[in-house]
**Q** 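The structure's right below; bear with me while I get my questions together.
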Amino acid sequence: MKKIHMVDLQSQYQKIKETVDQSIQEVLNSSAYINGPQVKEFQAGLESYLDVKHVIPCANGTDALQIAMMGLGLQPGDEVITADFTFAATVEVIALLQLTPVLVDVEANTFNIDIDALKKAITPKTKAIVPVHLFGQVANMDAIMEIAKEHNLFVIEDNAQAIGANYTSKDGTKKKAGTIGNVGTTSFFPSKNLGCYGDGGAIFTNDDDLAHTIRGIVNHGMYKRYYHDVVGVNSRLDSMQAAVLKIKLPLLDSYCNARRNAAKFYNKAFSNNANIITPTTSSCNQVCEHCDCHVFHQYTLQITNGKRDELHQHLLDNGIANAIYYPVPLHKQKAYVDIRYKEEDFKVTNQLIDTVISLPMHTELDEEQLVFITKTINDFLK
Ligand SMILES: *Cc1c(COP(=O)(O)O)cnc(C)c1O
């Protein structure tokens, strides 16, 4: 069997090559490389897809988080609570803006921010919560929004891994991930669920004033040309990337479904293996036919018999790519250590780093590959 990769961007591209190439050619023909019509078109398309009033495209998902925090007017010393188990970008921008990151533990079953830990971390200095919809699954937004309301906190959803996921509230209302809090951010990094062919990102909000503020910030703090009212940044989605994204956006739901189908196959294949915990989806506790709260940016197992590292190597030896997301919790990263953190407050992340393993997950996985991957794992972890 040919080597199986974590993602297969080439096969996906081959299926849409003609339309993508033509879309990129249009940018080349017009030479409108910055703020070309493709950017507006994609922005409008995404607003409609997400059912959100404002999408502000920007250069990448890390910028999106930073700009969202700048837009909310967070000030040095303000405390911002986020999950200990996430990609570093989330905490990086908090620190960069001289805000105080407050990392908290996650839930063992969903990998998302733990609600009790979040409540415990709130102080009079807390100004915002950044839930990360990790691996494609929406965090417990009902609880988070309730806490935010009670303590008057902003909610910034880091939606880099869950674009396209739906969240159904207790009252039955359904919203797209990233449109529930004050502001949501995403990344169009090539391997993300909606990826471009370079860097890209976006910020979304239903708040007109915040959208206005953010549109100025992404453009050097300008609200009128050459008048700089606030300190801004230069963060743009270029026309080439928008030209790719506008072709891929209508395919996002089918891409999410392809990922869910692969997840379903994995779940079923591992269901009788006592050494494996398959991912839980919070609303239905299984990958069911109609579940749409999880878009499986990653498919992540927990290996309970202590053989995670051996499995990692065994899969590599068999040509099956796999990854440890994430090998070190943020509170143990040199850049983010803080004397206030106590190890007993991070029981779950400290355990996850030794047990998690992410398997190949993308839109082009076929049955032959899935059979080979699951058989190799089940044979090894008998
Ligand atoms: C990818 C990612 C980011 C950063 O996105 P970039 O476009 O690479 O800057 C932020 N947060 C999370 C959770 C991510 O997975």
Side-chain angles (χ1 to χ4, degrees), residues 6-7 9 42 46 55-70 80-97 99 101 103-104 106-107 110-113 128-139 141 144 155-165 177-178 180-181 183-204 218 233-238 240-242 244-245 248 256 259 279 294-300 323-330 333 335-336 349 352 356 358 361-362:
M6 286 301 279
V7 294
L9 299 176
F42 169 65
L46 190 56
V55 164
I56 301 107
C58 65
N60 57 68
T62 309
D63 273 11
L65 281 163
Q66 178 184 330
I67 293 158
M69 289 176 202
M70 291 168 77
V80 179
I81 301 173
T82 193
D84 186 40
F85 192 63
T86 174
F87 180 56
T90 324
V91 69
E92 177 177 78
V93 299
I94 299 171
L96 200 64
L97 292 172
L99 313 172
L103 297 167
V104 300
V106 297
E107 301 174 339
T110 65
F111 309 119
N112 280 327
I113 195 162
I129 308 167
V130 187
V132 182
H133 304 318
L134 203 73
F135 301 152
Q137 174 165 211
V138 189
M141 289 306 292
I144 291 165
V155 175
I156 303 154
E157 297 176 71
D158 182 346
N159 197 33
Q161 301 189 1
I163 194 156
I180 304 159
V183 56
T185 65
T186 202
S187 162
F188 305 121
F189 185 80
S191 65
K192 297 282 156 87
N193 288 29
L194 179 60
C196 56
Y197 297 162
D199 275 308
I203 304 151
F204 2 105
V218 298
V233 296
N234 167 23
S235 190
R236 292 184 283 245
L237 179 72
D238 66 66
M240 294 262 196
Q241 301 310 331
V244 174
L245 288 165
K248 289 183 75 175
C256 292
R259 289 171 177 274
H294 201 325
V295 290
F296 290 96
H297 175 61
Q298 299 295 344
Y299 182 85
T300 304
I324 311 303
Y325 299 127
Y326 296 93
V328 183
L330 289 176
Q333 297 283 2
Y336 305 112
T349 48
L352 288 177
V356 289
S358 298
M361 174 51 80
H362 54 80

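For ligands, and for the atoms within them, numbers begin at 1 and follow the listed sequence.
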**Q** How far is atom 4 (C) of ligand 1 from its nearest protein heavy atom, and which residue and atom name does that atom have?
**A**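 Checking every protein heavy atom, the shortest distance to atom 4 (C) of ligand 1 gives Thr62 OG1, 3.5 Å.
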
**Q** If you have a sec, work out which protein heavy atom is nearest atom 11 (N) of ligand 1 and how many Å separate them, to one decimal?
**A** Asp158 OD2, 2.8 Å

**Q** What about Phe188 and Phe42, are their ring centers closer than 6.0 Å?
**A** yes

**Q** Any idea which atoms of ligand 1 are less than 4.0 Å away from a heavy-atom of Asn60?
**A** 7 (O), 9 (O)

**Q** Do me a favour and list the nearest non-hydrogen protein atom to atom 2 (C) of ligand 1 with residue, atom name and distance?
**A** Lys192 NZ, 2.6 Å

**Q** Is the side chain of Thr186 donor-acceptor paired with the backbone N or O of Asn159 at a distance under 3.5 Å, no angle test?
**A** yes

**Q** Within the 4.0 Å heavy-atom shell around Val132, which atoms of ligand 1 are there?
**A**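 Per the distance check, 13 (C).
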
**Q** For atom 15 (O) of ligand 1, what's the nearest protein heavy atom and its distance?
**A** Gln161 NE2, 2.8 Å

**Q** As an exercise, identify every atom of ligand 1 less than 4.0 angstrom from a heavy atom of Ala160.
**A**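 Those atoms are 2 (C), 3 (C), 10 (C), 11 (N), 12 (C), 14 (C), 15 (O).
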
**Q** For the side chain of Gln241 and the backbone of Tyr197, is there at least one donor-acceptor N/O pair under 3.5 Å apart?
**A**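 A pair under 3.5 Å: yes.
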
**Q** Treating Lys248 as the side-chain partner and Gly195 as the backbone partner, does any N or O pair qualify as donor plus acceptor under 3.5 Å?
**A** yes

**Q** So does Phe85 get a backbone contact from the side chain of Thr349, meaning a donor-acceptor N/O pair under 3.5 Å?
**A** no

**Q** Taking Ala162's backbone N and O only, do any of them form a donor-acceptor pair with Asn193's side chain (distance below 3.5 Å, no angle check)?
**A** no

**Q** Taking atom 7 (O) of ligand 1 as the point of reference, which of Cys58, Ser187, Cys196 owns the nearest heavy atom?
**A** Ser187

